[in-house]
Amino acid sequence: MMSQWRRLALSKQGLASQQQFGADLSGTRSAIKHLGYVQIDTLSVVERAHHHVLWNRVAGYDPLHLNQLIADQHIFEYWYHAASYLPMCDYRYALPRMTSIRNGENRYYTNVDEHLMNEILARVSAEGALRMRDLDKGNKRKGDTWWNQGPGRRALDKLFMQGDLMVCERNGMEKAYDLAERCLPEGIDLSVPTLNEYAAYLFDTTLRAHGVVTWKQLLHLKTGKPLRDAMRAVLDERIETGLVSTLANADAPTAYVDIKALEQAPTINDGAVKVLSPFDNAVIHRDRLSALFGFDYRIECYVSAPKRVFGYFCLPILYGDKFVGRIDCKAHRADQRFEILSLNLEDGTLDRDQFFPALSDELQRFADFNKCPLLDASVIDAARHRPSGTVSTCR
């Protein structure tokens, strides 16, 4: 039964087939709408997380799709549990956070220079979309980081977080901002959802994207007793109406499954290998990942080098419906070389004759996506020819 739950979870995540959401620009839009969010990350050891997540799910994905979808007013940038791309149809569910920040209920956004905020708004209103470098001109002395790191940066952040400004374009990690009224589509619903509506949105989004959910996952990084109570009411109602069923497992937290989706008996290609981002929607809920897949995963770039076990930016390896290990990679973009730094496999029962060719093919595909077609995979070759009982190797 656990295998069936895993397959449902992966299928709901769009990891069963790259054709699930369609292809190219429309596929990218469909994937973001289905997933509910795609997390944005600054790290670029390999292609950034938001691109990596979508590339794994959409045939013909191109990083330029995201700017195009923002320009077409189909998606927007804001906060889910972290900075994310979200479907524009869910914009109203960002309004409670925006209102909270505007009202001074977030400690980080208190004591922000209101005069500076008004100055930024006036400039964007008069001049159109501006980047930080445009706003920075004339506002700092040589060697002064006041604008970029201090009051100026905080003023811009608050204008964005309270909804006055929106990101209208992103090049790498550099963002251009414009007035929200110029970025939002005509006729968009701007009514602030009630607490119960917001809880239902979180529940339905999570269930749609995952199929199997836990209580902790439903409230991931969301706090406050009122929201917990509202979520409990939504969950009880969904159980009562037969939308979800409770899964009891002595070795794992209580989970809830989408009954109709489970009845469709999702299929997974048991021979397929995928290398996922550490911030992939399928692995970001670490406790659920451990309970459902038996895979204890932590990213190690935030710990000191002596404490790392698997590598600075180790990526989870999905093989069929199982997570079988981690691989640490680095894209050397200047010389178009994609280096495999280490490979650590946990499943000693792998069919090596099937797994390693599939892994090599996937790594070449990933290297090409990173614009580093020269794959330095000597670590993989060494691992492949080791005795079957030895499954870890690194430099």
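These figures come from a predicted structure and were not determined experimentally.
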So, [X] and [Y], do they make that salt bridge, N to O below 4.0 Å?
{"X": "Lys371", "Y": "Glu47", "value": "no"}
{"X": "Arg365", "Y": "Glu362", "value": "yes"}
{"X": "Asp229", "Y": "Lys225", "value": "yes"}
{"X": "Asp41", "Y": "Arg48", "value": "no"}
{"X": "Lys158", "Y": "Asp113", "value": "no"}
{"X": "Asp157", "Y": "Arg154", "value": "no"}

- Message: Check whether Glu240 reaches the backbone of Glu237 with its side chain - one donor and one acceptor, N or O, closer than 3.5 Å.
- Response: no
- Do the side chain of Asn103 and the main chain of Glu105 share a donor and acceptor less than 3.5 angstrom apart? no
Ring centre gap for [X] and [Y] strictly below 6.0 Å:
{"X": "Phe366", "Y": "His52", "result": "yes"}
{"X": "Phe369", "Y": "Trp55", "result": "yes"}
{"X": "Phe160", "Y": "Tyr78", "result": "yes"}
{"X": "Tyr91", "Y": "Phe76", "result": "yes"}
{"X": "Phe355", "Y": "Tyr319", "result": "yes"}

- Message: Under the criterion side chain to side chain contact (heavy atoms under 4.5 Å, CB included), I'd like the reasoning laid out for Met166 against Glu77: C-alpha separation, chi angles, the key distance, then a yes or no.
- Response: CA-CA 7 Å; Met166 294 180 71; Glu77 282 195 31; over 6 Å; no
- Message: Could you go through Arg92 and Glu197, starting from their C-alpha distance and side-chain angles, then the distance that decides it, and tell me whether this counts as salt bridge (Lys or Arg N to Asp or Glu O under 4.0 Å)?
- Response: CA-CA 11 Å; Arg92 67 184 290 251; Glu197 286 178 320; 3.4 Å; yes
- Message: Run Val324 and Leu318 through side chain to side chain contact (heavy atoms under 4.5 Å, CB included) and show every step you take.
- Response: CA-CA 6 Å; Val324 298; Leu318 178 65; over 6 Å; no
- Query: If you measure only the distance, is there a donor-acceptor pair under 3.5 Å linking the side chains of His332 and Glu339?
  - Reply: yes
- Task: Establish, yes or no, whether the cationic atom of Arg326 lies under 6.0 Å from the six-membered ring centre of Phe310 and within 45° of the ring axis.
- Result: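 Geometry flag: set, cation within 6.0 Å and 45°.
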- Item | For Arg57, the option from His34, Gln13, Gln20 that meets side-chain hydrogen bond (donor to acceptor under 3.5 Å, both in side chains) | Gln13
